[in-house]
Amino acid sequence: MDLGLDEPSQPVTPYRVLARKYRPQTFAALIGQDAMVTTLGNAIKRGRLAHAFLLTGVRGVGKTSTARLIAKALNCIGPDGEGGPTIDPCGQCEPCRAIAEGRHMDVIEMDAASHTGVDDIREIIDASRYAAVSARFKIYIVDEVHMLSKNAFNALLKTLEEPPEHVKFLFATTEVNKVPVTVLSRCQRFDLRRISADKLAQHFAEVAAKEGVEADPEALQLIARAAEGSARDGLSILDQAIAHAGMEGGGVSAAAVREMLGLSDRGAVRDLLALVLAGNGAGVLEALRRQYDLGVDPLAVLRALLEAVHGVTLVKVGAAPDPAQPAEERAAYAEWAAALPFGHLHRLWQLFLKAHDEVARAALPIEAAEMALLRAVYASTLPDPGELARQLASGAPPSVAVPAPVPAPKPAPVAVEASAFPADFAALVDAIEQAGSLGLAVKLRLGASVVRYAPPELALSGARPVSADTLADLNAALKALSGKPWRVSIVDQPGAPTLRELEKQAEEDARTAILATPLVRAALAAFPDAVLEDWPGKRSA
């Protein structure tokens with residue numbers, strides 16, 4: 001008989017955030033702390049257990065989780081109830097389950113931020129005299145221990161130095177410098193490391209798979225970088241990104257993560273840095289405003305530029321490549337590292353660092369960022385005083401790789417025979433190479449884009465970065481060749497293709513012409529897998 005009563009609804013399980021749901025329950029699941037796990041494992045196997053441990057590190061690297069794992073390891077009795085301390089707690093016995101659920105009466109957790117006084121510590125001292133009720137050890141976990149008062153630390157010292165055999169102290173802190181030296185000397189200290197971005201991204205990918213959520217690898221890399229070595233921060237961001245993706249089954253995309261975090265697109269940052277290096281002031285302002293209109297904080301743009309300059313510098317010194325770095329970014333950094341001298345990179349770093357500080361304190365952040373980037377455009381390529389002194393000593397006019405906003409007037413003609421100068425830029429580079437400046441000739445062939453060649457004047461395009469060192473060497477070589485000073489300038493205009501680009505184009509044109517001949521076409525039709533290996537006009541490898 002239907003009495004019109006509603007059927008009892010199923011109990012709703014409250015949602016647990018990812019940072020709590022995926023808190024490590026074994027040492028094997030603790031990422032990025034292999035050295036500490038090895039030390040603890042050896043200490044447990046040999047029975048050399050300290051009476052007090054101090055765990056320090058940045059937020060979210062697993063200090064409290066590690067303390068709970070140590071409590072499990074020391075009190076585990078195994079599934080059969082006969083086990084001893086182990087680095088691999090079973091997770092099935094009553095002590096393991098009770099500690100994991102936070103209900104074991106012999107494992108006492110205390111937050112020092114809310115229990116800072118000496119009376120709180122006296123309660124611990126008094127309770128520590130009594131043996132454990134059901135566990136092997138009575139364990140006190142004190143989080144953020146640096147927040148204890150001076151009197152509380154002093155009250156703890158004697159018990160900490162000579163605790164009862166059944167008591168272990170586990171302290172966790174993010175500010176170890178605030179812990180008195182007298183306490184540090186009584187503890188075995190473990191410094192938990194920041195977790196690398198590639199390990200974090202791999203961990204987040206595993207979490208996303210367990211949650212049934214598709215996530216772009218680039219999105220996970222962005223989250224890992226934003227986490228700054230903290231697994232908890234990264235999982236919180238991933239939780240937010242999954243919610244941001246919506247309920248339509250959409251995955252976590254890199255664009256959505258950038259929008260959510262207000263991050264600047266790495267490709268846009270590379271384009272902006274290229275505009276700065278090219279001296280394109282108007283383009284720099286337009287690119288910065290475009291990022292600002294998309295909601296990117298100017299401070300975030302400057303931070304990304306600092307990271308880019310740092311990345312280029314690491315490539316230049318031969319540091320190992322970042323495995324998480326996109327291929328196009330790695331190629332761009334390698335190209336800039338080959339073209340820019342160390343002095344130029346260090347000057348850019350200082351300019352961007354000063355800009356970051358100014359924008360952080362500015363009343364008008366976007367305007368301050370624009371002015372700072374314009375300063376970088378027109379000051380980053382200035383030679384240092386030592387370079388200017390060398391140029392003046394060599395007799396060459398000081399050359400500055402700064403684009404001219406207005407084309408400079410042509411100099412007065414120099415009374416030199418036309419035959420004294422090479423006919424074109426290619427002949428000029430050949431003459432420089434024959435004179436013994438092979439390195440300079442290679443740089444000019446690969447990177448110089450000519451706007452105007454009218455000896456003794458040479459104008460190069462600012463769209464192809466040319467270092468101040470290269471310009472100084474070019475001025476000296478030209479004067480040595482012709483016996484007259486040249487005027488070499490960088491102008492804000494597009495130039496001709498480089499000599500290497502022209503050679504490649506000529507090579508490709510010759511190949512195309514050969515492939516179009518009837519004989520070759522017939523041969524390729526008869527042998528489809530055939531490849532044209534050599535032809536007139538092909539450069540030797």
Side-chain angles (χ1 to χ4, degrees), residues 16-24 28-37 57-66 174 191-245 250-270 295-297 299-312 314-315 319-333:
R16 296 181 68 198
V17 296
L18 298 181
R20 292 186 59 198
K21 185 177 180 180
Y22 292 98
R23 174 171 278 173
L30 193 66
I31 57 175
Q33 312 300 340
D34 298 339
M36 181 200 67
V37 173
V58 298
R59 69 197 184 282
V61 294
K63 298 183 296 297
T64 306
S65 296
T66 300
T174 53
D191 290 83
L192 276 67
R193 302 177 179 179
R194 288 180 183 269
I195 307 170
S196 63
D198 55 336
K199 286 186 178 180
L200 281 177
Q202 182 180 357
H203 179 58
F204 298 156
E206 294 172 358
V207 171
K210 292 176 182 177
E211 292 292 308
V213 176
E214 293 184 2
D216 293 344
E218 185 181 355
L220 297 178
Q221 287 292 341
L222 290 172
I223 294 173
R225 288 192 177 98
E228 296 182 342
S230 169
R232 183 176 63 230
D233 286 9
L235 287 173
S236 298
I237 298 172
L238 178 60
D239 220 339
Q240 183 181 355
I242 292 174
H244 186 79
V252 178
S253 65
V257 172
R258 289 193 191 96
E259 180 182 356
M260 183 184 74
L261 298 178
L263 296 175
S264 180
D265 182 270
R266 298 182 75 84
V269 170
R270 293 196 299 274
V296 180
D297 185 5
L299 206 60
V301 175
L302 288 167
R303 177 170 180 170
L305 286 171
L306 281 168
E307 291 176 351
V309 173
H310 179 255
V312 174
L314 290 182
V315 173
D322 182 358
Q325 191 177 41
E328 59 273 13
E329 184 173 287
R330 192 176 301 137
Y333 284 5

- Message: Would you compute the distance between atom CZ of Arg16 and atom CZ of Arg23 and round it to the nearest 0.5 angstrom?
- Response: 8.5 Å

- Could you check Leu222, Leu220, Asp216 and say which one makes a side-chain contact (heavy atoms from CB on, under 4.5 Å) with Val257? Leu222

- Nearest-0.5 Å distance that lies between atom OG1 in Thr174 and atom CZ in Arg59: 9.5 Å

- Item | Val269 vs Leu305, side-chain contact (heavy atoms from CB on, under 4.5 Å): CA-CA, chis, key distance, verdict | CA-CA 6 Å; Val269 170; Leu305 286 171; 4.0 Å; yes

- Note on the structure: Rounded to the nearest 0.5 angstrom, the CG-CG distance for Leu302 and Asp297 is 9.0 Å

- Item | Which residues share a side-chain contact (heavy atoms from CB on, under 4.5 Å) with Asp34, sequence neighbours left out | Lys199

- For Gly57 against Lys63, the heavy-atom pair lying closest together: O-NZ, 3.4 Å

- How close do Ala215 and Ala208 get, heavy atom to heavy atom, and via which atoms? CB-CB, 4.3 Å

- Message: Which residue is it: Glu206, His203, Lys210, Glu211? I am looking for the one with a side-chain hydrogen bond (donor to acceptor under 3.5 Å, both in side chains) to Tyr22.
- Response: Glu211

- Message: Tell me if a side-chain donor or acceptor on Gln221 pairs with a main-chain N or O of Asp198 at a distance below 3.5 Å.
- Response: no

- Nearest atoms (heavy-atom pairs only) where Ala201 meets Ala224: N-CB, 3.9 Å

- Check Ile237 against Ala226 and note the closest heavy-atom contact, atom names and distance. CD1-CB, 3.9 Å

- Can Gln202 and Ile31 be said to form a side-chain contact (heavy atoms from CB on, under 4.5 Å), step by step? CA-CA 10 Å; Gln202 182 180 357; Ile31 57 175; over 6 Å; no

- Note on the structure: So CG of Leu18 and OG of Ser236: to nearest 0.5 Å the spacing works out to 8.0 Å

- Query: Which atom names give the shortest non-hydrogen contact between Ala227 and Leu200, and what distance separates them?
  - Reply: CB-CD1, 4.1 Å

- Message: Let's go through Ile242 and Leu238 carefully: what are the C-alpha distance in whole Å and the side-chain angles of both, what is the deciding distance for side-chain contact (heavy atoms from CB on, under 4.5 Å) to 0.1 Å, and is it a yes or a no?
- Response: CA-CA 6 Å; Ile242 292 174; Leu238 178 60; 4.1 Å; yes

- Task: Indicate the atoms forming the closest heavy-atom contact of Ala19 with Leu235, along with that distance.
- Result: CA-CD1, 3.8 Å

- Item | side-chain contact (heavy atoms from CB on, under 4.5 Å) between Thr66 and Val61, worked out | CA-CA 9 Å; Thr66 300; Val61 294; over 6 Å; no

